[in-house]
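Have a look at the structure below before the remarks.
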Amino acid sequence: MTTSRIDARFAKLKAENRAGFVPFVMTGDPSREEALEILKGLPEAGADIIEVGLAFSDPMAEGPPVQRAAQRGLKAGMTLRGTMDLVAEFRKTDQDTPVILMGYLNPVESYGYARFAKEAAEAGIDGLISVDCPPEEAADLAAAMDAEQLSLIRLATPTSDDARLEVIARGTSGFIYYVSVAGVTGVKEAQAASVAPAVARVRKATGLPVAVGFGIKTPERAAEIARVSDAVVVGSALVDEVAAALEAGEPAVPRVLAKVRTLSDAVRNARN
Amino acid sequence: MNAPLKNTYAWPDEQGRFGPYGGRFVPETLMPLIHELDAAYKAAKADPSFQEELDGYLKYYVGRESPLYHAERLTEHFGGARVWLKREDLNHTGAHKINNCMGQILLARRMGKTRIIAETGAGQHGVASATVCARFGLPCTVYMGAVDVERQQPNVFRMKLLGAEVSAVTAGAATLKDAMNEAMRDWVTNVEDTYYIIGTAAGPAPYPEMVRDFQSVIGKEIKAQSLAQMGHLPNAVVACIGGGSNAIGAMHPFVNDESVRLIGVEAAGHGLDVDNGHAASLKGGRPGVLHGNRTYLLQDADGQILEGHSISAGLDYPGIGPEHAWLNDLGRGEYRSTTDDEALDAFQMISKLEGIIPALEPSHALARAGEIAREVGKGGDIVVVLSGRGDKDIFTVAKHLGVEL
C-alpha cells in the first residue's frame with residue numbers, strides 16, 4: 001500500500017512527461033510549528049515527493065547548510081519519534097504525496113529497526129534513505145522495512161561502476177537517488193553533461209526511476225537536470241532560505257515555499 | 001608455564017566485522033574506495049617486501065624496537081607484581097602513533113595516492129601524519145577540533161613546522177569526533193587522489209584491522225622482550241583507550257594466550273556517574289553506528305552522539321575501536337576506567353618516581369597499574385604501555401595544578 005504511493009507518483013509523472021520536484025526540508029527547522037507549516041504547504045508549492053531530513057549530531061556527508069539545519073532541528077527538540085509525529089500530522093492534509101525520511105543510521109538503530117518501520121508506516125511515511133548504511137550493512141534494516149512495505153531507497157554515485165550498481169539495485173524499490181557529485185551536500189555544483197549518461201546507466205542497471213540530488217541550487221540547473229532524470233532533489237538551497245530568514249528576522253515559511261515554487265516551476269516546465 | 005595456546009580467535013570476518021561490531025557504514029560514494037583500500041591492504045599484507053620496507057623504516061626512522069623497562073621504584077611503591085613500561089614514548093615523534101602512520105603512508109604510496117588527510121585529537125596522530133608526509137614529500141591536511149587546537153598549541157606548531165596544513169574544525173563540540181566528520185567530508189569530496197590516514201583502530205573496515213596490525217608491533221615486541229627479560233609471558237598487559245589503537249596493538253598478539261590478562265583503561269573524566277562528563281564508551285555507553293563502524297558509543301536516548309569529556313584530548317572520543325567492543329563482550333578483554341584527577345596524580349607520581357614524564361593518555365593506564373600489580377601479586381609481572389611522552393601536556397597539567405607557566 002505505502003510503497004505504491006511512490007510508484008503511483010512516478011507513474012503520474014511519466015504520464016505527464018515531466019520530472020518530479022523533490023524538496024528536502026529538515027525536521028523541526030526552524031521550529032516544530034514552522035516545519036509543519038512548510039510540510040503542509042509543499043504539495044501546493046509544487047512538491048511531487050517530499051524528503052524530510054532526520055536531524056543527527058554527526059552528519060558526515062553534509063555540507064555546512066544541512067549541518068546547520070540539523071543543529072537547528074535538534075535545538076528545536078526534534079527526535080526520530082517527533083519527526084514521525086510531524087509526518088503523521090502532515091498526512092491528515094495530504095494522502096498522496098510520498099514522504100521519504102533521509103538521515104543517518106544511528107538514531108534509527110537506536111530506536112530499533114522493527115519498531116521504527118512499524119511506526120513509520122503508521123505515520124504515513126513511505127521510505128527511508130540512510131546515508132551511512134550501504135547495501136552490505138542493510139540486511140536487517142531492509143527486512144524490517146520490507147515487512148511494513150516501506151522502501152529503503154538506495155544511493156548511486158559518480159563512483160558507482162556497473163558491478164557496484166548491481167549491488168545497489170539488489171532488493172531495492174521505489175527509486176534510486178543519484179548523488180550527482182562526489183562530495184558533501186550543497187558545495188560542488190552538479191553538471192548536466194555528466195549527470196545525463198550516469199542517470200541512463202543507473203536506470204538501465206536498476207530498472208527504477210532515478211532522482212538526482214546534491215549540488216542543485218538554481219532553477220536553471222534544476223531545469224537542466226529535469227531534462228535528463230525522473231526527479232530533481234533540492235535541499236541545501238532550501239535550508240539556506242530558513243537560515244537567511246532567521247538572519248533577516250523574517251518568517252521562514254513563506255520564504256521557503258516561494259523558493260520551492262520557483263524551483264518546481266522550473267522543473268515542471270523543463271521539457272516544454 | 002603458560003596454558004597451551006588456543007588459536008581460536010581470528011577476527012575480523014570477511015565483512016570486516018568483529019562479532020556484531022565493525023563493518024563498513026559509510027556513504028555510498030566511499031564504498032568503492034573502501035573496497036579498493038581493502039584489496040590493496042590485503043595485497044600489501046601478503047607481500048613480504050611491504051613488511052620488509054616497513055620494518056626498515058620502523059628501525060632506522062622511528063627507532064624501534066622500543067625498550068621494555070623494568071620500573072623498579074614504581075614496583076616497590078605499589079608492592080605487588082613487577083611493573084614494566086613499554087616505552088612507546090621513546091619513538092620518533094614521542095608516541096605510538098607513528099607505527100600506524102608509517103604503515104599507512106607506505107600503503108598510500110603503493111596505491112598511487114598523492115594527497116594525505118588525517119584527523120587528530122591531542123595532536124599526536126597529526127604530528128605523526130605530518131612527519132611521514134614530510135618524509136615522503138606528500139601534501140598533508142590535518143583536521144583538528146578548534147577546542148583541541150587551543151589546548152594543544154605545541155603540537156599545532158609542530159605540524160605546521162613539518163609542512164602540514166592544520167584545519168581547525170568549529171562544527172559540533174570542535175573536538176576529535178568533529179575533526180573525524182570533517183576528514184570524512186574531505187575524503188568523500190576528493191576520492192580520486194586522497195588517502196585518509198585514520199589514527200585509531202576504528203572507522204570503516206579495513207581500518208580497525210589495518211591499524212591494529214600496524215600497532216601490533218608493540219605487542220609482538222612485548223612478547224619477545226618478556227620472554228627474554230622475564231623468562232615468561234607477562235601476567236597482564238595494560239593500556240589506555242580512546243579509540244584504542246595502542247591498546248589493541250599491545251593486546252592482539254596475546255589474544256590467544258589465555259594466561260595473559262588484557263586490560264584496557266578508559267577515561268572516566270569527571271566520573272562515570274556524571275552525565276556527558278566522561279569518555280568511557282564501553283562502561284558508560286551502548287552500541288550504535290558512527291564514523292563507519294558499529295561499536296559502543298556515548299549517545300543519548302534518541303541516538304544523538306554525546307561529546308564526552310576527558311582531561312586528555314587523545315581520549316576525548318565518544319566511540320571505541322570495534323575490536324575492543326567485541327573483546328569486552330567476549331570477556332577476553334577487561335575494561336576499567338580512570339578519572340581526570342587520578343590521571344593527574346599518576347602523571348606526577350611517574351614523573352617523580354621514575355624520571356619519566358608520561359602523556360596524560362597513558363597516565364590513565366598507569367593510574368590503574370597499582371591495583372593491578374597488587375591483584376597479580378608479588379612474583380608476577382605486568383606490562384603497562386607508556387604510549388607517549390608528556391611534554392605536550394605540561395601546560396594542561398600546570399593549569400590544573402594552579403601553576404602559571
Side-chain angles (χ1 to χ4, degrees), chain A residues 54-64 67-68 70-71 74 77-83 103-112 116 129-140 154-161 163-164 167-168 176-179 181-185 187-188 214, chain B residues 14-17 20 22-36 38 169-173 177-192 194 203-205 285-295 297-307 318-319:
Chain A
L54 294 169
F56 184 49
S57 53
D58 293 78
M60 70 170 160
E62 310 302 340
Q67 288 177 38
R68 287 193 287 262
Q71 286 300 320
L74 289 173
M78 294 311 294
T79 58
L80 180 54
R81 182 59 251 181
T83 302
Y104 293 78
L105 187 60
N106 198 54
V108 175
E109 175 150 321
S110 173
Y111 205 75
F116 163 74
I129 302 172
S130 183
V131 177
D132 56 348
C133 187
E136 283 88 337
E137 305 291 352
D140 294 346
R154 297 264 165 83
L155 301 158
T157 79
T159 61
S160 312
D161 61 14
R164 185 69 199 161
V167 175
I168 292 165
I176 298 281
Y177 186 127
Y178 181 69
V179 175
V181 296
V184 295
T185 49
V187 180
K188 284 187 191 169
F214 279 46
Chain B
E14 273 302 303
Q15 274 68 50
R17 298 202 185 104
R24 301 181 177 96
F25 295 87
V26 296
E28 182 58 38
T29 307
L30 288 177
M31 283 306 287
L33 279 94
I34 291 284
H35 286 301
E36 179 196 342
D38 198 43
V169 178
T170 51
K177 85 175 173 76
D178 308 290
M180 201 153 175
N181 289 334
E182 212 55 39
M184 288 276 187
R185 289 179 189 125
D186 181 314
W187 198 22
V188 86
T189 307
N190 300 290
V191 286
E192 291 304 325
T194 298
R286 62 191 170 89
V289 171
L290 179 71
H291 292 154
N293 54 192
R294 179 178 286 121
T295 188
L297 300 173
L298 303 177
Q299 54 182 317
D300 71 11
D302 190 43
Q304 305 295 337
I305 307 305
L306 300 174
E307 310 296 350

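Atoms considered below: every heavy atom in the structure, side chains included; atoms not considered: hydrogens, waters and symmetry mates. Just so we're on the same page: letters track the sequence lines, and every chain starts at 1.
Proximity of a side-chain donor or acceptor of A/Glu109 to a complementary backbone N or O of B/Pro287 within less than 3.5 Å is not detected. Of the possible donor and acceptor atoms, none in the side chain of A/Asp132 sits under 3.5 Å from a partner among the backbone N and O of B/Leu290. Judged by distance alone, with hydrogens and angles left aside, the side-chain atoms of A/Glu137 form a donor-acceptor pair with the main-chain N or O of B/Arg24 at under 3.5 Å. Looking only at distances, no side-chain donor or acceptor of A/Ser110 sits under 3.5 Å from a matching main-chain atom of B/Asp302. Counting only distance, with no hydrogens or angles, the side chain of B/Asn181 and the backbone of A/Met60 share no donor-acceptor pair below 3.5 Å. Of the possible donor and acceptor atoms, none in the side chain of B/Thr29 sits under 3.5 Å from a partner among the backbone N and O of A/Thr157.
Contact of A/Leu105 with chain B is made through the side chain alone, with heavy-atom distances under 4.5 Å. No part of B/Leu306 comes within reach of chain A, as not one of its non-hydrogen atoms sits under 4.5 angstrom from that chain. Neither the backbone nor the side chain of B/Ala183 comes within less than 4.5 Å of any heavy atom in chain A. With a 4.5 Å cut-off on non-hydrogen atoms, A/Ala163 does not touch chain B at all. In this structure, chain B has heavy atoms under 4.5 Å from both the backbone and the side chain of A/Phe56. Neither the backbone nor the side chain of B/Glu192 comes within contact range of chain A; no heavy atoms are under 4.5 Å apart.
Considering only heavy-atom pairs separated by less than 4.5 Å from chain B, the leading option among A/Ala182, A/Gly82, A/Cys133 is A/Ala182. When B/His291, B/Met31, B/Met184 are compared by the number of non-hydrogen pairs under 4.5 Å with chain A, B/Met31 comes out ahead. For the set A/Val108, A/Asp161, A/Val167, A/Ile168, the count of heavy-atom pairs under 4.5 angstrom toward chain B peaks at A/Ile168.
A/Asn106 and B/Gly303 make their closest contact through ND2-O, 2.9 Å (heavy atoms, listed as atom of the first residue, atom of the second, distance). A pairwise comparison of heavy atoms in B/Gln304 and A/Ala55 identifies NE2-O, 3.0 Å as the closest pair. Between B/Arg17 and A/Glu136 the shortest heavy-atom distance is NH2-O, 3.2 Å. Across A/Pro134 and B/Glu28, no two heavy atoms sit closer than the pair CB-OE1, 4.1 Å. The shortest heavy-atom contact between A/Pro59 and B/Arg185 is O-NH2, 2.7 Å.
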**Request:** For side chain to side chain contact (heavy atoms under 4.5 Å, CB included), just list the numbers for B/Lys177 and A/Asp58, CA-CA rounded to whole Å, side-chain angles, deciding distance to a tenth of an Å, and then say yes or no.
**Result:** CA-CA 8 Å; B/Lys177 85 175 173 76; A/Asp58 293 78; 2.8 Å; yes

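In this structure B/Arg286 satisfies the salt bridge (charged side-chain N to carboxylate O under 4.0 Å, His left out) test with no other residue, sequence neighbours excluded. Residues forming a side chain to side chain donor-acceptor pair (under 3.5 Å) with A/Thr79 (at least two apart in sequence, or on another chain): none.
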